[in-house]
Student: 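Handing you this structure, nothing more for now.
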Amino acid sequence: MNIRATLTIYKFEMSRFRRTIFQSLVAPIITTSLYFVVFGAAIGSKIESINGVSYGSFIVPGLIMLYLMTESINNAAFGIYFPKFTGSIFEVLSAPVSALEATIGYVGAAATKSTIIGLMIFFTSNFFCHA
Amino acid sequence: MNNLISVSNLSKSFGSENALSNVSLDIKRGEIFALLGPNGAGKTTLISCICGLTTQTAGNIRINNYDTISNFRETRKLIGLVPQELPFDSFESVYNTCQFSRGLFGMTPNDVYIKEVLKSLSLLEKKDLQIFGLSGGMKRRLLIAKALSHEPKILFLDEPTAGVDVALRKDLWELISNLKKKGVTIILTTHYIEEAEQLADRVGIINSGKLVLVKDKADLMQEFNKKSTIITLRKKMQRLSKELKDSNISLIESGNKIKYISANGESNNLQSILNYLSKEKIDYSEINTVNNSLEDIFLELIEKNEH
């Protein structure tokens, strides 16, 4: 197994994440913050708590999962389809890398990125919602 | 074993279109092999099959005695590929993209080697630049640097000097010659026949997916050795007289010039043409003789193949 190739793809994708930190991380956090403001604070203030859980707190896991899932799919798809679109995928296809190894690299990086985004949204939610 | 690459009865179809038909070819270790052919002849498809970018419909390919499908790891790690287009992740830096290529082949990062390759391609001072900031020629050189980043034993160059200026082309030729000296086997496709004439040890000509011939360049030049003699007349000649009726003699440029082709081993009729001109008091201003170039041979073979 070509573990180094898998790690190379992983690191390459993570470096793209760092390079595009505003689009990758800051933009989802700002968008989610708007959800917290609109649904959590504005609408949530008019809805009663159920068993001590406010509406704002209730939507936090849902919003985290929304971004976790969309970002993980977007990142993995972009990582593979953008090189396919530009033609630079030839490098991966002509390297001694199996489909499984390449998939682990791309999906692993996408999972890491979306987990980081999910955690950042979780921390941000503390500014808007209090359990 | 002297053959590094053996292609046997290779065929590739895209739907009903046959891109390659029953191609068999052996590439010797350490040689520069030039693959020539018109657009759409199947050059890139053949390279793609060997490098694993596309799967053949029939036939097999062995590299260093390993099958390219069942032992793809063994075969691919030997190959460096410079494609025809300039596909890049434009936002990556020159240095990082080379390390990425190296890593894909399972090799540990090697700062010294990558810098050496970049230096040999005059890219070292650009190593921290993002790729979109490079010129077309630099991008072409970067593709070569990426292909060399994992120290391959076989280098495929798919039209490496397309869109490159004359000075850089000469630099690339020198680089290719140096790689050959280091023992790298090079397979080159090109539209510049002059390039093949300059660099190649052997030449393969492909047309409509079929390999028309494979020969040592020197043998090919010898076999198709022809000389063209052009006699520029002072006065236009309407038609060739009966005395000059020969398949190797023709009137060109609206009768202003006589062209005589003397093929290898054929007796030279030049003297009889000159005698005739002198007898008929037809003045001429210039006589030029040129040897047949590889380009002429290529065009002749392609024409024959199409007929």
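This is a predicted model, so every value here is computed, not measured. Just so it is clear: chains get the letters A, B, ... in the order the sequence lines come, proteins before strands, and each one is counted from 1.
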Student: As an exercise, state the distance from OG of A:S88 to CG of B:L86, rounded to the nearest 0.5 Å.
Tutor: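 Going from the OG atom of A:S88 to the CG atom of B:L86 covers 12.0 Å.
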Student: Give a yes or no on this: more than 12 heavy atoms of other residues, nucleotides or ligands lie within 6.0 Å of atom CD of B:E125.
Tutor: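 Atom CD in B:E125 is crowded, with more than 12 foreign heavy atoms closer than 6.0 Å.
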Student: When you look at OH of B:Y66, are more than 12 heavy atoms from neighbouring residues, nucleotides or ligands closer to it than 6.0 Å?
Tutor: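 No, not enclosed.
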Student: Please look at B:I79 and chain A and tell me whether the side chain, the backbone, both or neither of the residue comes under 4.5 angstrom of a heavy atom of that chain.
Tutor: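 Neither; nothing under 4.5 Å.
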Student: Ignoring hydrogens and angles, tell me if any N or O in the side chain of B:R76 forms a donor-acceptor pair with the backbone of A:S94 under 3.5 Å.
Tutor: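 Here the side-chain-to-backbone pair does not exist.
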Student: In Å and rounded to the nearest 0.5 Å, what is the CG to CG distance from B:L81 to A:L93?
Tutor: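 CG of A:L93 is found 10.5 Å from CG of B:L81.
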Student: Give a yes or no on whether B:K139 atom NZ has more than 12 heavy-atom contacts from other residues, nucleotides or ligands under 6.0 Å away.
Tutor: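 Yes, enclosed.
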Student: Short question: side chain of A:N2, backbone of B:F105 - any donor-acceptor pair under 3.5 Å?
Tutor: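 Not confirmed, A:N2 side chain does not pair with B:F105 backbone.
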Student: In this structure, are over 12 heavy atoms from other groups packed under 6.0 Å from A:M69 atom CE?
Tutor: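 Atom CE in A:M69 is not crowded, with 12 or fewer foreign heavy atoms closer than 6.0 Å.
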Student: Side chains of A:R4 and B:P109: closer than 4.5 Å at any heavy-atom pair?
Tutor: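 Heavy-atom side-chain distance check passes, below 4.5 Å.
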Student: Name, in order of residue number, those residues of residues 7-23 of chain A that have a heavy atom at a distance of less than 4.5 Å from a heavy atom in chain B; otherwise write 'none'.
Tutor: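 Near chain B, by residue number: A:T8, A:I9, A:F12, A:S15, A:R16, A:R19.
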Student: Which atoms of B:E92 come close to chain A, meaning under 4.5 Å heavy atom to heavy atom: side chain ones, backbone ones, both, or neither?
Tutor: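 When you check distances to chain A, atoms from both the backbone and side chain of B:E92 fall under 4.5 Å.
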Student: Enter the distance from A:F90:CZ to B:K146:NZ here, rounded to the nearest 0.5 Å.
Tutor: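 So the gap between those two atoms works out to 6.5 Å.
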Student: Which residue out of A:A95, A:A5, A:G87 racks up the most heavy-atom pairs below 4.5 Å with chain B?
Tutor: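 The answer is A:A95.
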Student: Can you establish whether the number of heavy atoms outside A:Y35 located under 6.0 Å from its atom OH is more than 12?
Tutor: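 Incorrect, the count does not exceed 12.
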Student: Using heavy-atom distances under 4.5 Å, tell me whether B:S48 contacts chain A through its side chain, its backbone, both, or neither.
Tutor: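 Neither part, no heavy atoms under 4.5 Å.
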